[in-house]
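These notes are about the structure you will find just below.
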Amino acid sequence: MIKEYKTIREIASPLMVVEHVEGVTYDELGELELPNGEVRRCKVLEVEGDKAVVQLFESAQGINLAETKVRFLGHPQQLAVSEDMLGRVFNGMGRPIDGGPDILAEAHKDINGLPMNPAARAYPAEFIQTGVSTIDGLNTLVRGQKLPIFSGSGLPHAALAAQIARQARVLGDDETFAVVFAAIGITFEESEYFINDFRRTGAIDRTVVFSNLANDPAVERIATPRMALTAAEYLAFEKDMQVLVILTDITNYAEALREVSAAKKEVPGRRGYPGYLYTDLATLYERAGRRQGKKGSITMIPILTMPEDDKTHPIPDLTGYITEGQIILSRDLYRKGVVPPVDVLPSLSRLKDKGIGEGKTRADHAGTMNQLFAAYARGKEAKELMTILGEAALSEDDKLYAKFADAFEQQYVSQGNSTNRSILETLSIGWELLSILPERELKRIKPEFIEKYLPRKA
């Protein structure tokens, strides 16, 4: 028997205090029934004696303290899951918003999930092809990895996210691949862009979309990535799918966390974010991975905009500690018209060596990757020197490296948002660019690979 209470003492949106409660537990889901019959959802944040602090998922507008009923449902927030979720669009609370029917649930899952036992994790090892050269060729994404994209305000991370969601696949015909896309605190225009892009290209058929808009309550923003990860865990570990989770924008999630923390009058940490921001982000990121004995996997690409392009800001800083690398977008490259403007040198995938080589991509991948990094770094130095001292001060080799750096940005990095390159195409472009340099400079590649793959000039 579910008890109803009419003992709301005070409301300070999004929080509410309910008195004289019995048997209520932390994180329990509740419902408010307004005098006009409208029902709104909430959850328990804190219980002290017979008082419960409750967090509203929707506006507090219109709530009458004396007449509104509160009932607690005895379970935490849940998501109805089924394979029918593929091809559907949901709001941040898991309700369909695409005009289709409700999901016929195979199960109801707690959105907080369960931490993955470290001893039960399988090591990420299989290559995922995104069709983006700077990721596939230089910062390879591996199945079960967490590889964030660090962007800045106004940079085209939305287009890159849509491109990866559209193009990503596991090489091999027998793998069922799905994408779970969570848009957190974005504008209506951005939401329409993603959904229309997925529909136009047919990618929607293998995608589950959760869309939380900027004008939705902050509390919903905190639930959205957990909804997405719950759907991903179901598809990966119960339906044996290879799932790619894209979360954009984690900065909006952290801002919502800060807003709710301030409402609870918690002691703020760095830049006003709660002291538990690291722990909270870890509860999201650590739900990705592979489990021993399970065919499915969850690979995660969180996207975040760095305030003022500051890599030391708490959100990218803490994210870098938890995840396995980062892809960084460059404002300078974007101004040059390079799309996607991936800044290759500070970008990193800590697991790239595990997903490349013979039987995964190609035997020459590691050598060409290291040579391209080294050549581009030297080319950038040569261009800086040229700016200060003039071209006449450069050696002939330095001039070639400067030429290589320009060609690398225009042909390898810049590929547009609609070009889907296979890993073999990416490797071929890399070899074409390396042919600009004298063969004696290719010191990081085995001679047999140079003999086999380096284009010979007529």
Side-chain angles (χ1 to χ4, degrees), residues 92 132 134-135 139 146-165 181-197 210-218 220-222 224-225 228 245-262 268-274 277 280-281 284-285 300-323 325-348 409 413-414 416-417:
V132 179
T134 45
I135 298 176
N139 295 290
K146 307 175 284 289
L147 185 63
I149 295 174
F150 290 2
S151 182
S153 179
L155 295 181
H157 49 270
L160 180 58
Q163 183 177 11
I164 293 170
F181 192 95
I184 307 163
I186 62 171
T187 63
F188 179 77
E189 286 80 8
E190 283 180 298
S191 176
E192 286 299 292
Y193 166 78
F194 286 126
I195 293 165
N196 291 336
D197 186 78
F210 292 87
S211 180
N212 165 261
L213 300 180
N215 63 343
D216 290 331
E220 184 176 310
R221 207 128 44 248
I222 294 170
T224 304
V245 178
I246 298 177
L247 306 175
T248 179
D249 180 339
I250 291 294
T251 301
N252 294 336
Y253 170 82
E255 298 287 351
L257 209 61
R258 179 164 68 175
E259 187 179 324
V260 172
S261 173
R270 283 168 65 194
R271 305 246 187 141
Y273 293 97
L277 179 62
D280 195 278
L281 289 173
L284 299 181
Y285 298 150
M300 185 188 292
I301 299 182
I303 298 172
L304 56 92
T305 48
M306 300 177 288
E308 300 171 0
D309 294 0
D310 179 11
K311 281 184 283 206
T312 66
H313 187 277
I315 305 168
D317 188 31
L318 297 177
T319 293
Y321 282 117
I322 304 165
T323 54
Q326 68 277 332
I327 304 294
I328 297 179
L329 301 192
S330 161
R331 205 169 288 282
D332 289 340
L333 287 177
Y334 185 53
R335 288 194 191 107
K336 290 183 190 176
V338 174
V339 176
V342 175
D343 197 351
V344 168
L345 297 180
S347 296
L348 168 71
E409 287 174 1
V413 181
S414 187
N417 291 127

Practice prompt. Check the pair I250, I303 against side chain to side chain contact (heavy atoms under 4.5 Å, CB included), reporting the backbone distance first and the verdict last.
Written response: CA-CA 6 Å; I250 291 294; I303 298 172; over 6 Å; no

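- Partners of T134 under the side chain to side chain donor-acceptor pair (under 3.5 Å) rule, at least two apart in sequence or in another chain, do not exist in this structure.
- Using a 4.5 Å cut-off on side-chain heavy atoms (C-beta onward), L333 and V342 make no contact.
- In this structure, F150 has no ring pair (Phe, Tyr, Trp, His ring centres under 6.0 Å) partners at least two apart in sequence or on a different chain.
- Using a 4.5 Å heavy-atom threshold, the side chains of I315 and M306 count as separate.
- Pairing each heavy atom of G92 with each of E220, the nearest pair is N-OE2, 3.3 Å.
- Scanning both residues, Y285 and P302, for their nearest heavy atoms gives CE2-CG, 3.6 Å.
- Minimum heavy-atom separation, L284 to M300: O-CE, 3.4 Å.
- Proximity of the aromatic rings of F181 and F210 is defined here by a centroid distance below 6.0 angstrom, and this criterion is not met.
- At distances below 3.5 Å, not a single donor-acceptor pair connects side-chain atoms of N196 with backbone N or O atoms of Y193.
- Rounding to the nearest 0.5 Å places CG of D317 at 9.0 Å from CG of D310.
- Checking side-chain atoms of E192 against main-chain N and O of E189 turns up no donor-acceptor pair under 3.5 Å.
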Worksheet item: How far apart are the C-alpha atoms of L213 and T187, what are their side-chain angles, what is the distance that settles it, and do they pass the side chain to side chain contact (heavy atoms under 4.5 Å, CB included) test?
Response: CA-CA 6 Å; L213 300 180; T187 63; over 6 Å; no

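- For the atom pair NE2 (H313) and OG1 (T251), the distance works out to 7.5 Å, reported to the nearest 0.5 Å.
- The closest donor-acceptor contact from the side chain of D309 to the backbone of G152 lies at 3.5 Å or more, if one exists at all.
- In this view, P314 and R270, R271, Y273, L277 satisfy the side chain to side chain contact (heavy atoms under 4.5 Å, CB included) rule, not counting sequence neighbours.
- Without hydrogens or angle criteria, N212 side chain to I184 main chain gives no donor-acceptor distance under 3.5 Å.
- Taking all atoms of both residues into account, the shortest heavy-atom contact from G325 to P148 is O-CD, 3.0 Å.
- In terms of the salt bridge (Lys or Arg N to Asp or Glu O under 4.0 Å) criterion, residue partners of K336 (sequence neighbours excluded) are, by chain and number, E409.
- When every heavy atom of I222 is checked against every heavy atom of V260, the shortest pair comes out as CD1-CG2, 3.7 Å.
- Using modelled atom types and a 3.5 Å distance limit, the side chains of D249 and T305 yield a donor-acceptor pair.
- Between N252 and G185, the shortest heavy-atom contact is ND2-O, 3.0 Å.
- Residues D332 and S330 have side chains that never bring a donor and an acceptor to within less than 3.5 angstrom of each other.
- Screening P341, S151, P340 against P156 for a side-chain contact (heavy atoms from CB on, under 4.5 Å) leaves a single residue, P341.
- Taking 4.5 Å as the limit, some side-chain heavy atom of V132 sits within range of a side-chain heavy atom of L160.
- With sequence neighbours excluded, the residues satisfying salt bridge (Lys or Arg N to Asp or Glu O under 4.0 Å) with E255 are R258.
- Residues passing the side chain to side chain contact (heavy atoms under 4.5 Å, CB included) test with P346 are K311, I328, D343, sequence neighbours excluded.
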